[in-house]
Structure formats: structure tokens, C-alpha cells
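One structure is given below, encoded as C-alpha cells.
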Amino acid sequence: MIPRRVDEGIYEVSPEMKVVKFNETIMNFTMAVPARIYANEYLMERIARDKSVDQITNVACLPGIRKQVIAMSDAHQGYGFCIGGVAATDVEGGAISPGGVGYDINCGVRLLRTPLKYAEVAPVLPELTEALFQAIPSGLGSRGKLKITNTDLDRVLDEGINWAIDNGYGFEKDRVNCEDNGFTQGADSSIVSAKAKARGIRQLGSLGSGNHFIEIQKVAEILDPVAAKIMGIEKDQVTVMIHTGSRAMGHQICTDSLQEIDHLMHREGIIAPDRELGYVISGTKEADRYLAQMRAAANFAWTNRHIIMHWARGAFNNVLNVKPEDMELVYGLAHNILKQEEHDLGDGKRGMVNVHRKGATRAFPPGHKDVPLNYREIGQPVLIPGSMGTSSYLCVGQQKAMDLSFASTAHGGGREMSRSKAKRKFFGKNIKQELNDRGISVRAASLKVLAEEAPLAYKNIDEVVGVSHNLGIVKKVARLVPIGVTKG
DNA sequence: ATGTTC
């Protein structure tokens, strides 16, 4: 299954039969739609090194799959379904797969703008980075500073940032520039396991580990002055980017759901092309059960990022006397989630589909009803962070995204090297020194994570974003560079 | 990603 180049930036595996071996048993599956990879030569060569292409051809065999399965330019192998993967299935009878969402349910990114210029921040950069690190608990197993009751937690799971705003975190206006307004409807806290709640309750307002970060950034380059102005972004301005997810809450919900689904498939004698690609049928009570829990995890993640944003504002206030209300949310989004959306399904048909975005960012074009009114004329803001120490991009969704990718784009640099390989190759101490030498303050809970997250463990972010830009999926608006980094 | 093999 070698993808062939079909157009500039587009590779494809045409529908064919897949022969899959399970120990002694051999089974046939048929791809109902093509599997596509959006990449240039540099990225395609890297994506082809792992199981990503095999994984998207497996997804193309799932029930009710529509139009095409896509691996974005940052794709790499994941659990059952590649990270950087997008797939849409019929809401009536199509597959819903937790592997298509991922363990870190509703992981995502927020961008805050500040009224500060780089020159004002540079003299206190180490102090400011330290203040952020102290304000937000970080690291593996990190616990939030909040003491909340079980009733509070249920409200977080059912109502997202509405709970946080009611309890004095952030402002009313923070709802406006956030996907789903920070509140994903259709969650049901009453069916989330006691174990997930026990793990999650102490972690609200914590960063976690791995690729999660808080970054102080400088606007290095304005690429679309009109859109940048509408978003209040100008050259040399200081911004703050927050990247984290639903912590152990989402992880446990995914684990619980996969286990239930595994048992159900076994009982019913259903076999997926990959054991990691378990699924339920959309519209059944089992699918609704997964969705209601997934949405509860989504609300946890929205609230987690919201509370971290609130404390980040506090840190800037303490060090530089910036008023919290002057640090406005530019946009907040998710990149590990399933959404039921209406799309063009080819052959002139439109319909509601389950859009699985796993390490992929929604990118609605100008005029779409789900883009906040203040951004409607430019398209949905899209945040694509690079790896630690490299650029991040602020973009806006464009019309071609509706045809090419179920309104989706890449979500980041995308790993090129496994964590274990990165740890063998790099040393955290050296990575920290190299960043410091480039004028970037670094504060991390562990040196190990700095090695795992070394810039060279990732694909080149300029290439990744360039593919989506050239295809007309997004338009680049601004390039942001890190000046202070905190990590787990 | 994750109390990184309940």
C-alpha cells in the first residue's frame, strides 16, 4: 500500500482489499473510500516510516466511512488511528471509535494576547517564566491547587467553563472566543466511572507532562495584516500559549470505554481491521454512552485550560502589573475530539457525520455559523504550535478545508522520533542550554521531558503548516516564536 | 497522552 502522488500536496491510497492476519486467522477487509495524506515530499517520506498509512487504510474499512480518510501533514503513528488523522462516518450506522479521538480527550490549545511588547518583557523573562511555573502545577501526576467537591466536579464535567466563570475564574467574555464556548453539550457525568473522577478531581488546573506546555511568545512575523488586526495581533507583541488536555480524567474515560467496547465486540463477534481500532455503531446506546463520557472529558479539558489561563493572567499581573482583563483570549480550540457536523459527502450529498479529529484541528472557513461573529469574515482561528523552541502559527480556516479535509488541518509539528529514541539521542540539560543560548527561558519539572520534546524529535513546523496553507485549507496569519517555556 | 505494564 504505497501512497501515490495525485496532486501538489496530495498523496493517496485508492480503495482496495486489505488482508489482515490475526495470529492463525486471515481476514479480508475492504476500503470503502480512499486514504489520503496531505504532505510534500519531505513530510511524506517521514510519514511513510511508521504505521500511519496502514492505520488510515484500516479506518477506510470501518462501517459508514464517508468520502475519504485523511492523514494530515503532521501525521505519525498512534493507538489504532494515526495522530493527525481525520475520519467521518455516518451518524446513522457509522463507526465511532475511541481510537479516533485518543487518550487525551479534548487536548487543545489557547492563545492569549497581552498589551506588552517584547522589549518590556525581555528584562524580566526568567522571573516571568518562573512565576508561570509556580502558578500552574506541572509534571507527571501533578495535582491542581483547587479543592473542589464531587458536586463541583460533576458540574465541571456537565457544564465546562460555566462552572469556572460562576466560581470567579476568568471573565464572561472568555466564552466568546472559544470553540463550543468552552461547554460541550451532551455530557453525562453520572456515567463517568468513580475511578476516572477520583483521578481527575485533584488534577483540575494542572498542566501534566509530555508535549504539554505554557509558552510566552513574541509575534515574529505578520503574514496576513487584515486578519491579524481583527485578532488584535501585531509584530513584537507578547502572547501566551497554553497546551494541555483532560489529564487522567480523559485517559481513564478512554481506557474504560475501550474496555467496554472490546467486550461488546467480542460478544457480538465483530472484528476490526486492528485490535486497537475497536468501535461502536453510531446511534446505539453503547455509542451514546461513549459520546456522553467523551463530552464530559471535553468539559474537563476546557475548564482545565480556562483555570490555567486565569492563573497565567495572575502571574503576569504579579510580575508586570498587567491587568487580567487586558490579557484577552484570542481563541481556544480542541484537537482530539469527535464532533457531529454537517458536511458535503461527495456526489452532491450533504449529511451529518461523526468527524473524528485525532491530533487534527477544526478549521471552519469564513462565513461558517460556528465561527464567532467577531471572526466570521476571516474564518476560524487555528493555532498550530511547533515543538519546544520552534515557531508556532496562528492561521484561519479557509474554504478548501470543507472539500479536502472535513474542515480540518494539522495540530502541531508531529513527532518524527519516538520518545524513547529521543531520550537516547538527546540530553535534557543540553537542550535547556541550547534554548537559553537562543534567549529562551526554560522551566521544566523534569529534564527527561526536555529530551523527549527536543525540537529535532519533531517534524519541521514550517513545512507542516506550509502544506495546509498551499492547499488552501488554512491561511497563515502570524508566526510566533517562544521566549519563555514551562513544561511538565 | 497516562499514578508511562491493573
Which residues pass the side-chain contact (heavy atoms from CB on, under 4.5 Å) test with A/D174, not counting sequence neighbours? A/F171, A/H306, A/M309, A/R313, A/L329

Yes or no on ring pair (Phe, Tyr, Trp, His ring centres under 6.0 Å) for A/H243 and A/H335, after CA distance, side-chain angles and deciding distance? CA-CA 10 Å; A/H243 177 208; A/H335 54 222; 5.2 Å; yes

Please report, rounded to the nearest Å, how far the C1' atom of B/dT2 is from the NZ atom of A/K195. 12 Å

Distance check needed: B/dG3 C1' versus A/R202 CZ, whole Å only. 7 Å

Looking at A/G484, is its backbone amide N or carbonyl O close enough to the side chain of A/S441 to form a donor-acceptor pair, meaning the two atoms are under 3.5 Å apart? no

Could you give the CZ-to-P distance, from A/R419 to B/dT5, as a whole number of Å? 12 Å

Which part of the nucleic acid, if any, lies within contact of A/Q77, taking any heavy atom under 4.0 Å across all strands shown: a base, the sugar-phosphate backbone alone, or nothing? nothing

Classify A/R199 by what it touches in the nucleic acid, base, sugar-phosphate, or nothing, heavy-atom distance under 4.0 Å. base

Heavy atoms under 4.0 Å, any strand shown: does A/G210 hit a base, just sugar-phosphate, or nothing? sugar-phosphate

Gap between atoms NZ and C1', on A/K448 and B/dT2 respectively (whole Å): 11 Å

For A/Q252 and B/dG3, is the shortest distance between a side-chain N/O and OP1 or OP2 below 4.0 Å? no

When all nucleic acid strands are considered with a 4.0 Å heavy-atom cut-off, which category describes A/Q203: base, sugar-phosphate, or nothing? sugar-phosphate

Can A/R443 and A/E130 be said to form a salt bridge (Lys or Arg N to Asp or Glu O under 4.0 Å), step by step? CA-CA 7 Å; A/R443 199 67 175 78; A/E130 179 67 25; 2.4 Å; yes

Just grab all the ring-ring contact (aromatic ring centres under 6.0 Å, His included) pairs involving residues 271-303 of chain A, residues at least two apart or on different chains. none

Measure from OH on A/Y103 to P on B/dC6 and round the result to the nearest Å. 12 Å

Between A/H251 (NE2) and B/dC6 (P), how many Å, whole number? 11 Å

Select base, sugar-phosphate, or nothing to describe what A/S246 touches, counting heavy atoms under 4.0 Å on all strands. nothing

Figure out the OH/C1' separation between A/Y79 and B/dT2, and round it to whole Å. 13 Å

Rounded to the Å, how far apart are A/K197 NZ and B/dG3 C1'? 20 Å

